[in-house]
Trainee: 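I'd like to ask some things about the structure below.
Everything quoted here is computed from the prediction, not taken from an experiment.
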Amino acid sequence: MSTREFKDVRALSIASDAQQMIEVARAEGIETVWDRLAAQQPQCGYCALGVSCRNCAMGPCRIDPFGAGPQKGVCGADADVIVARNLGRTIAAGSSAHSDHGRDILEVFAATAHGETNGYRITDEAKLMRLAAELGIATDGRTTTAVAVELADLLMENYGTRRAALSFVERTPKVRQDLWDSLGVTPRGIDRESVEMLHRTHMGVDNDYVNILLHGLRTSLADGWGGSMIATELSDILFGTPSPVVSTVNLGTLKPDMVNIALHGHNPMLSDVIVQAAEDPDLIALAHELGAAGINLVGLCCTGNELLMRRGVPMAGNHLMQELAITTGALEAMVVDYQCIMPSVTDVAKCYHTVVISTSDKAKFPGAVHMSFDPSRGMEIGRDIVRRGVEAFANRNPSRVRIPVEPVQLMAGFSVEAILGALGGTPAPLVEAIADGRIRGAVGVVGCNNPKLTQDYGHVTLTRRLIENDILVLVTGCSAVANGKAGQMMPAAAAMAGPGLRATCEALGIPPVLHMGSCVDNTRILVLAAALANHLGVDISQLPLAGAAPEWYSEKAVAIGAYVVASGITTVLGVEPPIFGSRNVTGLLAGGLDDVVGAKFAVEADPERAAVIIRRHLEAKRAALGLPAIDVDTIVAPVATA
Ligand code: BF8
Ligand code: SF4
């Protein structure tokens, strides 16, 4: 690596484990995501504004944002069309990623229903029956298998062109369904909307930026109320619906005397079997033979969240920790499925004894061992993977093992079922607490890490400001991991909350920051929002709710933001999306959309100011509902001391 001025690690991450391991990587000459970001500077200004297009071979084209150069691409597309098309394709990619994950779960569910899998069963039969009944499938006197087969068929139809609306659209308030119908954005088929977006954004199809953006909302809704929701619901049925569980988080979850295997990616269908396989006495005996005290599984990213939520598996870290987990020298294997897995992990692994094991035929990694996943031999493959990890322990160099911190405790497992259970089976107590002002509202703080921002600072700071102002925070994905590392997710963290939220949390024994799962589990937040709206007989957009993605990076996050807004929940982004090259697109998304769907986007990189935007928004919603509200002009950011 070339000699370069390194930034102070405190500017890169607020997490001590990350700071220490970045120093180790630097000392050992191991390149990380932060080094590559620095090497990419300056990044392309046209792309950052969204005004470059390479959709056809007459291009690539770009629009001069200062007005001096070209204002149209070769085909005649202007900045509005180019920005809208790029955003539309981003939403389609994100929606496709979630929805294809949902399809993989659905296929395993269908195969399990037909008795064709090994290592799987219907774990939550009651949820299966509940869901089937909700979707109009007869359940009385029928076997689990018969109901599961019919449910699988019905949900498969949701992917294609055989429906006028996706099944789960019915979960939204009628007034929202009517609104979507009137706008022509009711999602019809999960695959269909993404394919149609690719069609519309081909040269010379949809040349109206408003029309493209509306279809962008429809494409995202096919994710939120479709593919992602199917992933969540069926994962619960197959692997169990989460309930509160205490576990640990950060790189301290790696154990110096044990075989450490990290499960990284997004889909629980293989990793859940691996958790079972790791209990195999023969494999544990093999670990002992090689001198290890046992087998320690940890999670990374959303596969980690899935396992944490359902099985209490410790969480090693969020997105920016994947390379650093290897630099501990204590990781025998990193088992990856798909999404958010940096291609660089195999490069870092080459500097250690770590084996990277890829498992999905749609996600191969040069330098990894590929062990193709097949649900008909699930348990056997799970055992083979764990054995591979155990065998790698023999190659460990103990002098290179550096585990930087002690783990921190966190509570996870807040499915909607668990939250309603804690409330006594109905949203009424939560509604009452919101109505009388003990809780001012609820905010979903979700999404990724992005090396452009100090890791975890946005998540942790925004969350702190919200809870201290009596706002309940719901977290998923990499945000949840950040909050967990910062100690915001144990019941004792109620002491950090304002008096109303604190009293409510203490009465229920819950933290003020509720871990609702992986990124596909953002649909749990949608379901909860719809349940609150239906309970009150109002639209989702009338509720004192907001979304935030302080450190987002991925196309999936764009799809999530779009479906949250299209569902009526205003969302604040901490990283600029590439739309600012079009004043019209920006104006619509950050302004006019409020009149269309009752919610809009805001962009604010400073979490202190984002907290102010959100608090003002919640109080305005409270006032409109006739609830006691704080004068928004009195809500201001703390004066910076640095
Ligand atoms: O789906 S939050 S970095 S790991 S995209 Fe990825 Fe973002 Fe993390 Fe999970 Ni979600
Ligand atoms: Fe250029 Fe139009 Fe082709 Fe895009 S679609 S590359 S703007 S000619």
Trainee: If you apply the rule side chain to side chain contact (heavy atoms under 4.5 Å, CB included), what do you find for Ile30 with Ile326, and how did you get there?
Mentor: CA-CA 11 Å; Ile30 293 168; Ile326 302 173; over 6 Å; no
Trainee: Under a 4.5 Å cut-off applied to non-hydrogen side-chain atoms, are Gln488 and Val473 in contact?
Mentor: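 Contact flag for Gln488/Val473 side chains = no.
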Trainee: With a 4.5 Å heavy-atom cut-off, do Asp191 and Arg103 have their side chains touching?
Mentor: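 The answer is yes; the side chains approach within 4.5 Å.
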Trainee: Between CG of Leu462 and CD of Glu608, what distance do you get to the nearest 0.5 Å?
Mentor: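 Between Leu462 CG and Glu608 CD, I get 9.0 Å after rounding to 0.5 Å.
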Trainee: Is a side-chain N or O of Thr454 found less than 3.5 angstrom from the main chain of Ser13, in a donor-acceptor match?
Mentor: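 Looks like no, no N/O pair under 3.5 Å.
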Trainee: Look at the side chain of His459 and the backbone N and O of Cys448, then say whether any donor-acceptor pair between them is shorter than 3.5 Å.
Mentor: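 Checking the backbone N and O of Cys448 against the side chain of His459, a donor-acceptor pair under 3.5 Å is found.
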Trainee: Looking at every heavy atom in both Glu604 and Ala610, which two are closest together, and how far apart are they?
Mentor: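 Nearest heavy atoms, Glu604 then Ala610: CG-N, 3.5 Å.
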Trainee: List the atom pairs, donor and acceptor, that lie under 3.5 Å between side-chain atoms in residues 630-637 and the rest of the protein, sequence neighbours left out.
Mentor:
residue, atom, partner, partner atom, Å
Asp631, OD1, Asp633, N, 3.1
Thr634, OG1, Asp631, O, 2.6

Trainee: Just by distance, do the side chain of Arg622 and the backbone of Arg440 share a donor-acceptor pair under 3.5 Å?
Mentor: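 The answer is yes, because a donor-acceptor pair under 3.5 Å joins these two groups.
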Trainee: What's the separation between atom OG1 in Thr327 and atom CD in Glu23, rounded to the nearest 0.5 Å?
Mentor: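 Answer for the OG1-CD pair, Thr327 versus Glu23, is 11.5 Å.
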Trainee: Distance check, rounded to the nearest 0.5 Å: Arg162 atom CZ versus Arg192 atom CZ?
Mentor: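 Answer for the CZ-CZ pair, Arg162 versus Arg192, is 13.5 Å.
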Trainee: Just so I know, are the side chains of Arg200 and Ile212 near enough to count as touching, which here means a heavy-atom distance under 4.5 Å?
Mentor: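 The answer is no; the side chains never approach within 4.5 Å.
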Trainee: What pairs with His617 under ring pair (Phe, Tyr, Trp, His ring centres under 6.0 Å), at least two apart in sequence or on another chain?
Mentor: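 Here no residue qualifies.
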Trainee: For Gln71, is the CD atom crowded, meaning more than 12 foreign heavy atoms sit under 6.0 Å from it?
Mentor: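 Result for CD/Gln71: enclosed.
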Trainee: Ignoring hydrogens, what is the shortest heavy-atom contact between Ala533 and Asp539? Give both atom names and the distance.
Mentor: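 For Ala533 versus Asp539, the nearest heavy atoms are CB-C, 3.9 Å.
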Trainee: Does some side-chain heavy atom of Phe580 sit less than 4.5 Å from a side-chain heavy atom of Val603?
Mentor: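 Result yes, sub-4.5 Å side-chain heavy-atom pair found.
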Trainee: Assess whether side chain to side chain donor-acceptor pair (under 3.5 Å) is satisfied between Tyr338 and Asp100, documenting all intermediate values.
Mentor: CA-CA 11 Å; Tyr338 44 50; Asp100 203 43; 5.9 Å; no
Trainee: Scan the side chains in residues 556-566 for donor-acceptor partners under 3.5 Å anywhere in the protein, sequence neighbours excluded, and list what turns up.
Mentor:
residue, atom, partner, partner atom, Å
Lys556, NZ, His266, NE2, 3.1
Lys556, NZ, Gln339, OE1, 3.0

Trainee: Are any non-hydrogen side-chain atoms of Ile614 and Leu618 less than 4.5 angstrom apart?
Mentor: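 With C-beta onward as the side chain, the pair touches.
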Trainee: Among residues at least two apart in sequence or on other chains, which ones pass side-chain hydrogen bond (donor to acceptor under 3.5 Å, both in side chains) with Arg616?
Mentor: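 Partners of Arg616 by the side-chain hydrogen bond (donor to acceptor under 3.5 Å, both in side chains) criterion come out as none, since no residue qualifies.
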Trainee: Could you give all pairs that pass the salt bridge (Lys or Arg N to Asp or Glu O under 4.0 Å) test and reach residues 207-227, with sequence neighbours left out?
Mentor: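 Sorted result for residues 207-227: Glu193-Arg218, Glu196-Arg218.
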Trainee: Roughly how far apart are Asn318 CG and Cys302 SG, rounded to 0.5 Å?
Mentor: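 It is 10.0 Å, given to the nearest 0.5 Å.
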Trainee: My understanding is that only residues two or more places apart in sequence, or in another chain, count here; which of them pass salt bridge (charged side-chain N to carboxylate O under 4.0 Å, His left out) with Asp456?
Mentor: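 Expected list: Lys485.
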Trainee: Is there a donor-acceptor pair closer than 3.5 Å between any side-chain N or O of Asp35 and the backbone N or O of Thr32?
Mentor: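 It does hold such a pair.
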Trainee: List the residues meeting side-chain hydrogen bond (donor to acceptor under 3.5 Å, both in side chains) with Arg163, not counting sequence neighbours, and say none if there are none.
Mentor: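 Residues passing side-chain hydrogen bond (donor to acceptor under 3.5 Å, both in side chains) with Arg163: Ser167.
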Trainee: Decide whether Glu551 and Asn449 meet the rule of one side-chain donor and one side-chain acceptor closer than 3.5 Å.
Mentor: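 A donor-acceptor contact under 3.5 Å links the two side chains.
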Trainee: Would you check, one step at a time, whether the test side chain to side chain contact (heavy atoms under 4.5 Å, CB included) holds for Gln177 with Thr186?
Mentor: CA-CA 7 Å; Gln177 294 175 37; Thr186 302; over 6 Å; no
Trainee: Is there a side chain to side chain contact (heavy atoms under 4.5 Å, CB included) between Thr570 and Lys621? Walk through the geometry before answering.
Mentor: CA-CA 11 Å; Thr570 284; Lys621 290 290 175 190; 5.6 Å; no
Trainee: Measure across Ala368 and Ser358 and return the closest heavy-atom pair with its distance rounded to 0.1 Å.
Mentor: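 The answer is CB-OG, 4.1 Å.
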Trainee: When the side chains of residues 44-52 are checked against the rest of the protein, which donor-acceptor pairs come out under 3.5 Å, sequence neighbours left out?
Mentor:
none

Trainee: May I have the step-by-step check of side chain to side chain donor-acceptor pair (under 3.5 Å) for Thr523 and Thr232, ending in yes or no?
Mentor: CA-CA 7 Å; Thr523 60; Thr232 296; 3.1 Å; yes
Trainee: Could you walk me through whether Trp180 and Ser567 satisfy the side chain to side chain contact (heavy atoms under 4.5 Å, CB included) test, starting with their C-alpha distance in whole Å, then the side-chain angles of each, then the deciding distance to 0.1 Å, before giving a yes or no?
Mentor: CA-CA 9 Å; Trp180 288 346; Ser567 299; 4.0 Å; yes
Trainee: Going by heavy atoms in the side chains, are Asp521 and Met516 under 4.5 Å from each other?
Mentor: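 Sidechains of Met516 and Asp521: no contact.
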Trainee: Arg524 and Thr476: side chain to side chain donor-acceptor pair (under 3.5 Å), yes or no, with the steps?
Mentor: CA-CA 10 Å; Arg524 298 192 201 275; Thr476 59; over 6 Å; no
Trainee: Please list, chain by chain and in numerical order, all residues satisfying side-chain hydrogen bond (donor to acceptor under 3.5 Å, both in side chains) with Gln322, sequence neighbours excluded.
Mentor: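 Scan of Gln322 (side-chain hydrogen bond (donor to acceptor under 3.5 Å, both in side chains), adjacent residues dropped) gives His264, His319.
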Trainee: If you round to the nearest 0.5 Å, how far is CG of Leu87 from OH of Tyr209?
Mentor: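 Nearest 0.5 Å value for the OH-CG distance: 13.0 Å.
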Trainee: Ignoring hydrogens, what is the shortest heavy-atom contact between Tyr159 and Gly227? Give both atom names and the distance.
Mentor: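 Residues Tyr159 and Gly227, closest heavy atoms: OH-CA, 3.9 Å.
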Trainee: Among residues at least two apart in sequence or on other chains, which ones pass side-chain hydrogen bond (donor to acceptor under 3.5 Å, both in side chains) with Thr463?
Mentor: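 Only Asn483 meet the side-chain hydrogen bond (donor to acceptor under 3.5 Å, both in side chains) criterion with Thr463.
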Trainee: Looking at Arg62, I want to see if its CZ is surrounded by more than 12 non-hydrogen atoms of other residues, nucleotides or ligands under 6.0 Å.
Mentor: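 Not more than 12 within 6.0 Å, no.
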Trainee: Can you see which heavy atom on Phe168 is nearest to which on Trp225, and at what distance?
Mentor: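 Looking at all heavy atoms of both residues, the closest pair is CB-O, 3.3 Å.
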Trainee: What do the steps show when you test Asp337 against His101 for side chain to side chain donor-acceptor pair (under 3.5 Å), and what is the final call?
Mentor: CA-CA 10 Å; Asp337 50 78; His101 161 170; over 6 Å; no
Trainee: Hey, are the side chains of Gln455 and Met321 touching, using non-hydrogen atoms and a 4.5 Å cut-off?
Mentor: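 A side-chain contact exists here, since the closest heavy-atom pair is under 4.5 Å.
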Trainee: Using distance only, find each side-chain donor-acceptor pair of residues 586-602 under 3.5 Å and give its atom names and separation, not counting sequence neighbours.
Mentor:
residue, atom, partner, partner atom, Å
Thr586, OG1, Ile579, O, 3.0
Thr586, OG1, Ser582, O, 2.8
Asp594, OD1, Ala599, N, 3.1

Trainee: Taking all non-hydrogen atoms of both residues, which atom of Gly226 and which atom of Leu166 are closest, and how far apart?
Mentor: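 Looking at all heavy atoms of both residues, the shortest contact is CA-CD1, 3.7 Å.
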Trainee: Can you tell me how far OG of Ser518 sits from CG of Asn267, rounded to the nearest 0.5 angstrom?
Mentor: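 The OG atom of Ser518 is 9.5 Å from CG of Asn267, to the nearest 0.5 Å.
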Trainee: Look at the side chain of Thr346 and the backbone N and O of Pro343, then say whether any donor-acceptor pair between them is shorter than 3.5 Å.
Mentor: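 Confirmed, Thr346 side chain pairs with Pro343 backbone.
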Trainee: According to salt bridge (Lys or Arg N to Asp or Glu O under 4.0 Å), does anything in residues 557-584 pair up with another residue at least two apart or in another chain? List the pairs.
Mentor: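 Every pair satisfying salt bridge (Lys or Arg N to Asp or Glu O under 4.0 Å) with a residue in residues 557-584: there are none.
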Trainee: Taking side chain as C-beta onward, heavy atoms only, is Leu526 less than 4.5 Å from Asn522?
Mentor: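 The answer is no, as the side chains (C-beta and beyond) never meet within the 4.5 Å cut-off.
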